[in-house]
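Okay, structure first, notes after.
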Amino acid sequence: MIEVFSQNINGTWFAVACTQQEIVGTSFGETEPVALQKLLDNLPINAPFQVLFTPSNLAKTAFTLLSDMFEGKNVKPKINLSFTHLPAYTQRVLLATMQIPAGYVASYGSVAKAIGGGPRAVGNVMANNCFAPLVPCHRVVKSDFTLGGYGGGLKVKIELLKKESHGFCEPKKISVEGGVLEVYPVEHVLSRLPKFVA
DNA sequence: TGCAAACCATAAC
DNA sequence: GTTATGGTTTGCA
């Protein structure tokens, strides 16, 4: 049985779905219904679940991680995420994306080159990311350093990237399963933002 | 710049 | 099986 929890942290609603051992999905949104809806949409079909009000220990851990991520802290999620019900390629994309450090971004194309497949396939995985923002899909942008899209809204993507800015200058190569992932300082993206400032 | 075509894994039929 | 769908990329006018 999958247990579902929701919680408001500093004005943002987060939702977590988990079993006793592992996280099955996470999401966030401006309102509780939005966060829950996005979470449930990505749950395995026909999976039985129940909505509970008192977070389990695992859920508490997840909420802490989620809010830390959301504040731009460089946390490496040491937590059991359940990928096994996902297609193999999807798992590879998610794993590679988790290797992108805070303060850096990678392009859809560079992720694709590192693990195989094509840029659009990577975009597809991002669009259906069931672990936002634990899997930092906001750190994946277009090859020209413009934003691309974001499930949680572009405004949020910008905010997250700004919070993660650490003033790095040099690109970096990160070895991931099957290849090398090139990442770039998030500044490259932020410097092209003026047209988006609200 | 802007547009069209190629790209690639999934999900939906 | 087949088709439709993207959070893309690249080439070319």
Side-chain angles (χ1 to χ4, degrees), chain A residues 12 14-15 17 24-30 34-35 37-47 49 66 69-70 72 81-165 171 173-174 176-198:
Chain A
T12 301
F14 294 90
V24 181
T26 64
S27 71
F28 67 92
E30 288 193 5
V34 168
Q37 183 67 54
K38 281 197 289 194
L39 180 71
L40 298 182
D41 282 347
N42 284 324
L43 243 40
I45 317 194
N46 295 334
F49 69 90
L66 284 168
M69 287 292 281
F70 212 72
L81 299 183
S82 171
F83 285 170
T84 50
H85 62 288
L86 300 170
Y89 184 75
T90 301
Q91 297 184 33
R92 294 226 304 286
V93 174
L94 294 180
L95 285 172
T97 304
M98 282 195 295
Q99 303 305 309
I100 308 173
Y104 288 92
V105 296
S107 74
Y108 299 96
S110 74
V111 173
K113 202 164 60 176
I115 64 172
R120 307 209 60 171
V122 173
N124 247 326
V125 175
M126 296 298 151
N128 298 319
N129 178 17
C130 0
F131 296 99
L134 239 42
V135 172
C137 48
H138 57 276
R139 293 181 197 145
V140 184
V141 299
K142 293 220 259 185
S143 59
D144 60 359
F145 291 113
T146 57
L147 281 177
Y150 192 60
L154 283 182
K155 201 174 161 187
V156 177
K157 185 167 186 173
I158 296 173
E159 288 308 312
L160 286 172
L161 291 176
K162 278 185 182 171
K163 286 175 184 171
E164 292 179 351
S165 170
K173 294 182 195 298
I174 297 178
V176 296
E177 184 185 336
V180 173
L181 179 61
E182 296 200 50
V183 299
Y184 303 87
V186 65
E187 275 68 24
H188 289 211
V189 176
L190 298 180
S191 64
R192 302 195 178 208
L193 281 184
K195 49 186 167 185
F196 285 107
V197 230

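Only a predicted model underlies this, so the values are computations on that prediction, with no experimental measurement involved. To find a chain, count down the sequence lines: A is the first, B the second, and so on, and within it residues start at 1. The figures here come from the full heavy-atom set of this structure, side chains too, leaving out hydrogens, waters and symmetry mates.
- Rounding to whole angstrom units, NZ of residue Lys38(A) and C1' of dG7(C) are separated by 13 Å.
- Spacing between atom CG of Asn129(A) and atom P of dA11(B) amounts to 14 Å, rounded to whole angstrom units.
- In this entry dA4(C) has dT10(B) as its Watson-Crick or G-U wobble partner, both defining distances falling under 3.5 Å.
- A distance of 8.5 Å separates CD of Gln99(A) from CG of Leu181(A), quoted to the nearest 0.5 Å.
- No more than 12 heavy-atom neighbours from other residues, nucleotides or ligands sit within 6.0 angstrom of NZ on Lys113(A).
- Contact annotation for Tyr108(A): base contact, defined as any heavy-atom pair under 4.0 Å involving a base atom.
- Side-chain N/O atoms of Tyr150(A) and base N/O atoms of dG7(C) include no donor-acceptor pair closer than 3.5 Å.
- Rounded to whole Å, the distance from CE on Met126(A) to P on dA11(B) is 15 Å.
- One can place CG of Asn42(A) at 12 Å from P of dG7(C), the figure rounded to the nearest angstrom.
- Mapping Asp144(A) and Val122(A) onto DNA chain C by nearest heavy atom places Val122(A) closer to the 5' end of the strand.
- In the set dT9(C), dC8(B), dA11(B), the nucleotide with an atom closest to the side chain of Lys142(A) is dT9(C).
- Distance CD1 (Ile115(A)) to P (dC8(B)): 13 Å, rounded to an integer number of Å.
- Using a 4.0 Å heavy-atom criterion, one finds that Gly149(A) contacts the bases of the nucleic acid, with or without backbone contacts as well.
- If you check every strand for non-hydrogen atoms under 4.0 Å, Val93(A) touches nothing.
- Remark: C1' of dC7(B) and CG of Asn124(A) are 12 Å apart, rounded to the nearest angstrom.
- Scanning all heavy atoms of the two residues, the minimum distance from Ser110(A) to Glu182(A) falls at OG-O, 3.4 Å.
- Side-chain N/O atoms of Glu30(A) and Thr12(A) include no donor and acceptor closer than 3.5 Å.
- Leu147(A) has its CG atom 12 Å from the P atom of dT9(C), to the nearest Å.
- Where Pro119(A) and Asn128(A) meet DNA chain B, the nucleotide closest to each residue was compared, and Pro119(A) sits on the side nearer the 5' end.
- The shortest distance between the side-chain N/O atoms of Thr90(A) and the OP1/OP2 oxygens of dA9(B) is not below 4.0 Å.
- An OP1 or OP2 oxygen of dT9(C) is reached within less than 4.0 angstrom by a side-chain nitrogen or oxygen of Ser143(A).
- The separation between Phe145(A) atom CZ and dT9(C) atom P is 11 Å, rounded to whole Å.
- For Tyr184(A) and Tyr104(A), the ring centers sit 6.0 Å or farther from each other.
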